[in-house]
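Hydrogens, waters and symmetry mates are skipped; everything else that's a heavy atom, side chains included, is used. Since the model is a prediction, treat every value here as computed from it, not as a measurement.
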Amino acid sequence: MKAKPITIYAIDGTKLNRSIPKSKKKWTTNDLILLAMAMLSVIFLAIFAYAPLYGLVLAFKAGDGYLNIMNAINQAPFVGLANFRDFLADPDFKNIMFNTLGLNILQLLINFPAPIIFAILMSELLSDRFKKTVQTVTFFPHFISWVIFGGIFLSLLDFETGIVNNLFMDLGLIKQPLDILGGEQYFFGLIITTSIIKGVGWGSVIYVAAISGIPQELYEAAKIDGANRFQRIMHITIPSIAPTIVLFFILSIAGILNNGIEHLWVFQNANNIMRSEVLDTFIYKYGIPQWRYSYATAIGMLKSVISLALLIVSNAVLKKVTGKGIY
Amino acid sequence: MNKFKRIMTAITVLFFMSILVACGGTNVPIDDDNMAIIKYPDFPLTGNDKNSWEYLDGQENITINWYVDVASWNPPTGLDIISGIIKDKTGIQVIFDTPVTDDGQKLATMIAGGDLPDVISIPTNRSQTITSLAQQGYVYDINTLAERWAPSLMNHLPTDVLEWWSYGNGKTYGIPNHYYSYEDIPEGQLQPNGGMMVREDIFNAWQSYVEQNLKDANGMVTYTGLRGGQKQVPWQGYITTPEGFKQAAVWALQNYGSSLTTGLQLSQFRANGSASLEWLSQFFAIPFEDEQGNYVYQFTQQAYADMLYYLNDLYLAGVISPANFTQDYDGVGSVIASGKAFATLVTPQDYQIHFTTAKDGGYTYRSMYITNENGDAPVLSDIRGYGYMFNMITTDAKRPDLIIKLFDFLTSKEGQRLISMGPEGVTWNWTNGIDSEIVYTNTYLQEKANSQTSKYGLLQFDLLINWQYYDNVQPKTNHGKTEAELFRTNLKRPLSIYAYDYNAMAFVVDATDPRFQTYNNNLTRIETTIGTQLPKIIRASSRAQAESIYQSTITAIEARGLSMVIEMNSAAFLKAKEKLGITTAWPPYQANYVNPLNRLQPNGDLSKYRGY
Amino acid sequence: MNPRIQFQLPSRTHVYRLLKLITIMMLMSTIFLLYTSNIEIDEGDTSLYHTLDALSWISIALFMIVLIPTVWLGVRLYQQRKAETKHIRKSKLNKQITLFDVINTSLMTIFMVLCIYPLIYVLAGSFNQGADYTAGGVYFLPRLFTFENYKVVLTNQGLWQGYVVTISRTVIGTLTALIFTSIVAYAMSRPNLKYKKVFYWINIFTMFFGGGLIPYFLIIRSIGLYNHFLVYIIPALYSVYNMIIFSSFFRSISDELHEAALMDGANEFRIYWQIYLPLSKPVLATVALWLAIGHWNAYFDTMIYTHSPNLQTLQYFLLKAIQTATLTEGMPAEMMLRLSPKTLSLAAIIISMIPVLFFFPFVRKNFQSGIMIGSLKG
């Protein structure tokens with residue numbers, strides 16, 4: 001790259017015709033060291049993020065049924081967009097997309113604000129000790145894996161022996177036990193509720209820390225001015241933690257189509273499959289055990305494309321609203 | 001961005017990708033009949049003068065990995081006596097592995113990962129997997145292995161079994177277990193595979209209720225049919241009619257409500273439905289063949305729909321519990337074990353421990369049958385068949401010559417006796433020479449009474465077992481059997497009079513057909529769709545709703561390629577009949593069929609109980 | 001330095017704290033003994049019950065003995081403290097308890113119960129005899145007490161194998177990933193990195209677009225990581241997300257330190273290793289926590305990328321225990337009737353949670369400060 005020459009002015013401000021070529025910076029040892037350090041990421045990503053992109057070629061081949069993936073890539077014939085067309089024509093397509101997008105949007109709408117609200121509520125607690133206890137206890141479920149947590153909830157929500165149904169019936173809230181684990185209509189709610197219980201304590205820590213940084217005087221001043229609790233929250237608390245909120249909103253959009261297969265896998269069963277089949281579980285179920293490698297890769301690729309599109313759209317919206325985006 | 005840098009990045013990435021493309025992926029040649037051409041290793045051949053494993057001099061000592069693709073299969077520990085004897089005879093120590101779930105994922109990743117175990121055992125209903133493994137050169141064919149290194153295997157393995165599983169090129173790629181060769185099956189009818197059980201105490205109470213209140217002067221009960229109209233049946237058999245059973249179940253729930261949670265317990269509802277529906281369709285004699293000998297797809301038949309509506313009727317009457325649809329194996333088992341079901345349609349042998357527990361707890365279950373509303377006799381499938389698990393030796397195995405000898409030993413009668421009964425002379429002896437009956441030793445009987453027999457590992461290494469042979473050599477008395485074992489073996493015997501050869505339905509679709517991949521994809525989706533909709537039909541809030549869900553299911557499966565599935569099934573069905581040498585498979589259409597229906601014996605023919 | 005060791009009398013507060021601890025312990029053991037001596041114990045005979053009875057009486061006595069001085073000391077200390085701080089008035093805003101507070105506190109309490117109850121449920125079930133449990137209804141306390149479930153689980157080879165694998169991967173994986181990621185992050189945080197934008201884009205792009213499960217599997221296999229322990233470590237070495245967190249923290253460290261070190265003749269790597277890394281303890285702790293939890297709870301990679309039993313993680317073992325009857329394998333039939341896979345898996349869950357419970361308090365302390373710093377710099 002040719003360096004731009006530096007223009008020279010005389011002492012009175014007039015431009016001279018000569019110019020001094022800008023010397024190209026020499027590379028120091030430190031520059032090389034830094035370069036090497038950063039190259040580590042390139043090597044890693046080349047292997048684990050970019051090389052797999054080559055496997056995407058499977059999506060355009062008829063590789064279903066080959067037991068050996070490499071053979072599928074090398075030997076199967078090209079079929080262009082046939083796999084994508086198959087998926088779009090798949091009778092379950094509408095259902096899967098509805099479930100995937102629906103679950104994601106719900107999670108964005110509910111699971112994103114939940115830790116914020118929780119943190120605000122916690123900060124309004126009167127006793128510090130109680131607040132610390134709440135934090136510790138709600139913090140705990142995050143550390144347990146979905147295998148365990150899900151397994152426990154499968155027991156708790158059991159149709160006959162689960163405590164939830166028995167409790168509700170004893171309290172007279174319901175007459176018949178609710179088929180929470182099997183009923184399609186309950187699935188979304190089940191996922192949202194369990195993920196809130198598991199994640200809200202953990203997710204709120206950041207907001208709690210941010211809120212604790214807000215000086216008390218602001219609140220006292222507002223109280224003197226006659227602001228009630230709600231107004232205090234809206235006009236002091238939220239604007240103060242707004243940068244944190246925006247940061248995490250951006251980060252959560254980045255993972256938008258990832259439903260958390262480990263979570264869903266626990267609760268998916270033959271009864272609620274119409275509502276519980278999302279892209280990830282579908283790819284997993286039909287990709288590997290059925291050896292439909294091409295089909296699964298095509299769907300996975302479709303998922304990435306939609307994800308990317310959503311990301312671009314939300315970034316544009318974000319830029320319009322807040323002036324800042326991911327890029 | 002610096003052009004130079006861009007190029008460098010692209011080159012780096014491409015460099016890596018090319019490396020990866022280069023390594024991996026072997027090109028296995030395919031020959032004309034669409035099967036892979038396998039390369040065999042070069043071990044010295046074995047002769048045919050004695051059993052193949054007897055040629056071993058005890059110098060060989062290897063350990064093999066044996067993967068069994070069934071999550072619930074319990075492997076032997078390897079420390080038991082039987083495993084020790086196997087190691088002595090064949091020099092092979094076996095390490096078993098099983099998956100966590102039954103979805104085939106672990107096997108698929110092992111294959112994709114290029115790291116296969118030495119032996120794989122897969123349930124025979126996963127025909128696509130088995131065929132793909134054979135076609136793409138992942139497993140050896142038994143014929144060649146036996147020819148080279150275990151010629152005596154051909155004397156030990158029944159020919160009809162070997163041929164049933166052969167492909168177009170005449171080769172068989174594995175050996176099944178639980179097969180019932182026509183060479184071994186005795187005369188007469190076998191036990192059925194499925195069965196209906198009912199709690200004896202409540203059953204007796206109901207029968208006396210019918211006798212006292214519903215019977216008329218001629219000993220008949222008059223009742224209203226499902227479609228209206230009056231019908232008559234001998235009073236003992238009233239419970240075996242659909243209408244009668246419903247009334248009995250409702251009565252049972254009313255009068256025994258404290259000890260019952262359900263009138264009719266069905267088995268677990270899995271992704272592709274519940275086994276109970278298969279058994280009920282056999283009790284309701286829904287044909288799989290028409291009078292011209294063509295294949296009939298059962299789900300779309302009106303008779304099948306009527307069966308579903310009957311189940312819906314039972315559900316609405318409270319006979320089938322809503323909990324049934326979310327229970328897993330343990331859930332169903334605990335209902336049975338605590339005697340909380342009036343009647344069950346589960347596969348009895350799958351829950352035999354639970355039925356035994358129930359008996360110990362005071363709730364004895366007995367067999368019974370039920371007919372469709374037309375009064376056709378049940379047509380149950382008997383226990384015969386050509387196999388439950390299919391065992392294959394992979395081409396990754398380093399010593400297939402030794403493994404085939406292991407297969408030979410396990411298939412031979414000597415091996416069968418070892419696995420099922422223990423070492424000769426230690427736990428049992430012949431009464432009258434080889435293949436007469438056996439008698440158990442006193443040591444064994446004592447150890448059995450003290451529950452100390454687990455050291456032997458009996459019946460655990462059952463991957464190549466031939467049940468009929470084992471049954472044939474058993475003493476024909478209750479010698480060596482505990483009461484619980486007798487109870488278990490007799491669970492379904494009275495229903496034997498309704499059990500027939502269903503082998504034609506175990507047809508294997510030709511995997512070398514180019515449409516096989518699509519066929520399998522369609523079949524999977526259809527089965528999943530039916531599996532999802534079945535609970536909905538049964539739990540519909542009204543008959544009209546059940547009908548509409550049923551109709552929409554038919555539309556859905558037709559959209560998923562049902563016609564192709566039926567077409568390929570028909571071809572396979574006709575071929576199976578050819579292999580079996582019959583023209584009519586559906587028993588009631590066969591020339592020598594005699595209607596065995598006996599309403600006076602609602603539990604089946606009790607004289608079929610065996611004392612052994 | 002004074003060679004003579006000063007002997008200090010423990011202060012009253014210390015004594016009080018110690019006494020309080022002992023009292024609470026005595027109280028708990030009393031409750032435990034009273035409970036166990038009065039419920040049905042599986043296979044308990046009369047001598048066992050007699051022993052428990054005796055022990056519980058002894059425990060009550062001890063509890064009383066310790067209680068009296070504790071209370072007395074506690075009251076004295078309270079009075080002392082009150083006297084000292086009488087003149088300091090803490091200004092509190094109007095501490096009126098409004099309806100909002102009541103609702104808020106109740107909601108929080110309910111939520112806490114939701115979070116902690118699963119633990120109680122599992123504990124109760126794990127101490128309950130198997131066959132009895134399947135009849136249902138064990139919600140808070142075991143109905144038929146037994147240690148049998150724990151005995152079976154603790155003697156299971158697979159459990160310990162899972163522990164070894166999971167602990168190894170957590171320790172090794174976290175350390176290596178921390179170092180690897182922070183090295184890259186440091187480089188990315190330096191303004192004088194050549195081709196910075198190129199690196200940035202190479203990283204960011206991977207957050208948006210991926211190959212999916214199957215091509216990724218192919219790569220794992222091609223490199224030879226399939227069914228190898230390193231498949232848990234190497235693919236987890238780097239994450240763009242963590243790199244961004246590190247680099248934004250590094251950027252916040254004042255450049256003067258950097259300049260000074262350069263003048264002393266240090267190269268960039270030494271600066272990173274000896275100056276920046278020690279300064280980023282809070283962020284290190286936070287990211288280490290994320291990584292450690294990820295490793296600890298992982299099972300999906302075991303399912304897909306391995307098949308050898310030696311490489312099973314703890315969570316995968318638990319998955320098998322919960323979904324199949326793994327834990328009752330090889331048992332004689334009589335034992336099978338007594339045990340239930342459900343209670344066995346609950347016991348396995350408790351055992352696998354013990355390390356988590358143990359590290360939990362440490363984690364809490366460090367986490368607060370780390371996140372605060374991380375978020376404010378975000």
Q: Among Gly55(A), Ala296(A), Ser145(A), which residue forms the greatest number of heavy-atom pairs with chain C at distances under 4.5 Å?
A: Ser145(A)
Q: Check each atom of Leu45(A) against the heavy atoms of chain C and say whether the ones under 4.5 Å are side chain, backbone, both or neither.
A: side chain
Q: Is it the side chain or the backbone of Ile73(A) that comes within 4.5 Å of chain C heavy atoms, both, or neither?
A: side chain
Q: What part of Tyr121(C) lies closer than 4.5 angstrom to a heavy atom of chain A: side chain, backbone, both or neither?
A: side chain
Q: Is the Phe48(A) ring parallel, tilted or perpendicular to the Tyr216(C) ring (thresholds 30°, 60°)?
A: tilted
Q: Below 4.5 Å from any heavy atom of chain A, which atoms of Ile293(C) appear? Answer side chain, backbone, both or neither.
A: side chain
Q: May I ask you to name which of Phe269(C), Phe100(C), Phe205(C) has the most heavy-atom pairs under 4.5 Å with chain A?
A: Phe100(C)
Q: Chain C heavy atoms under 4.5 Å from Thr29(A): which part of the residue, side chain, backbone, both or neither?
A: neither
Q: So which of Leu346(C), Ile304(C), Leu262(C) has the largest heavy-atom pair count under 4.5 angstrom toward chain A?
A: Ile304(C)
Q: Does any backbone or side-chain atom of Ser352(C) lie under 4.5 Å from a heavy atom of chain A? Answer side chain, backbone, both or neither.
A: side chain
Q: Highest number of heavy-atom pairs under 4.5 Å with chain C: which of Leu121(A), Thr133(A), Ile33(A)?
A: Leu121(A)
Q: Can you check whether Phe300(C) and Trp265(A) have ring centres sitting under 6.0 Å from each other?
A: no
Q: Could you tell me whether the side chain of Thr166(C) and the main chain of Leu314(C) form a donor-acceptor pair under 3.5 Å?
A: yes
Q: Measure Tyr316(C) against the heavy atoms of chain A and call it side chain, backbone, both or neither at under 4.5 Å.
A: neither
Q: Would you mind listing every side chain to side chain donor-acceptor pair (under 3.5 Å) that reaches into residues 105-119 of chain C, with sequence neighbours excluded?
A: none
Q: Any luck finding a side-chain donor-acceptor pair between Ser182(C) and Tyr272(C) under 3.5 Å?
A: yes
Q: Name the member of Leu125(A), Leu58(A), Thr297(A) that forms the most heavy-atom pairs with chain C at distances under 4.5 Å.
A: Leu125(A)
Q: Check Leu344(C), Ile350(C), Ile351(C) against Ser126(C) for a side-chain contact (heavy atoms from CB on, under 4.5 Å) and give me the one that passes.
A: Ile350(C)
Q: Could you tell me which portion of Val184(C) (side chain, backbone, both or neither) has an atom closer than 4.5 angstrom to a non-hydrogen atom of chain A?
A: both
Q: Search all heavy atoms of Ala298(A) against all heavy atoms of Ala59(A) and return the closest pair with its distance.
A: CA-CB, 3.5 Å
Q: Which one, Val200(A), Leu56(A), Leu40(A), leads in non-hydrogen pairs under 4.5 Å with chain C?
A: Leu40(A)
Q: Please state whether the side chain, the backbone, both or neither of Met112(C) comes within less than 4.5 Å of a heavy atom of chain A.
A: both
Q: Tyr293(A), Trp146(A), Phe149(A): which one forms the most heavy-atom pairs within less than 4.5 Å of chain C?
A: Tyr293(A)
Q: Does the ring centre of Phe111(C) sit less than 6.0 Å away from the ring centre of Phe118(A)?
A: yes
Q: Counting only non-hydrogen atoms closer than 4.5 Å, does Asp31(A) touch chain C with its backbone (N, CA, C, O), its side chain (CB onward), both, or neither?
A: side chain
Q: Check whether Ala292(C) gets within reach of chain A through its side chain, its backbone, both or neither, counting any heavy atom under 4.5 Å.
A: neither
Q: Tell me yes or no: between the side chains of Gln315(C) and His295(C), is some donor less than 3.5 Å from an acceptor?
A: no
Q: Mind checking side-chain contact (heavy atoms from CB on, under 4.5 Å) for Ile103(C) and listing every partner two or more places apart, or none if nothing turns up?
A: Leu99(C), Leu107(C)
Q: Measure Ile271(C) against the heavy atoms of chain A and call it side chain, backbone, both or neither at under 4.5 Å.
A: neither
Q: Specify whether Tyr186(C) and His258(C) have parallel, tilted or perpendicular ring planes, treating 30° as the upper limit for parallel and 60° as the lower limit for perpendicular.
A: tilted
Q: Donor-acceptor check, side chain of Asn297(C) to backbone of Phe143(A), threshold 3.5 angstrom: yes or no?
A: yes
Q: With chain A, which of Ile220(C), Ile234(C), Ile116(C) has the greatest number of heavy-atom pairs at distances under 4.5 Å?
A: Ile234(C)
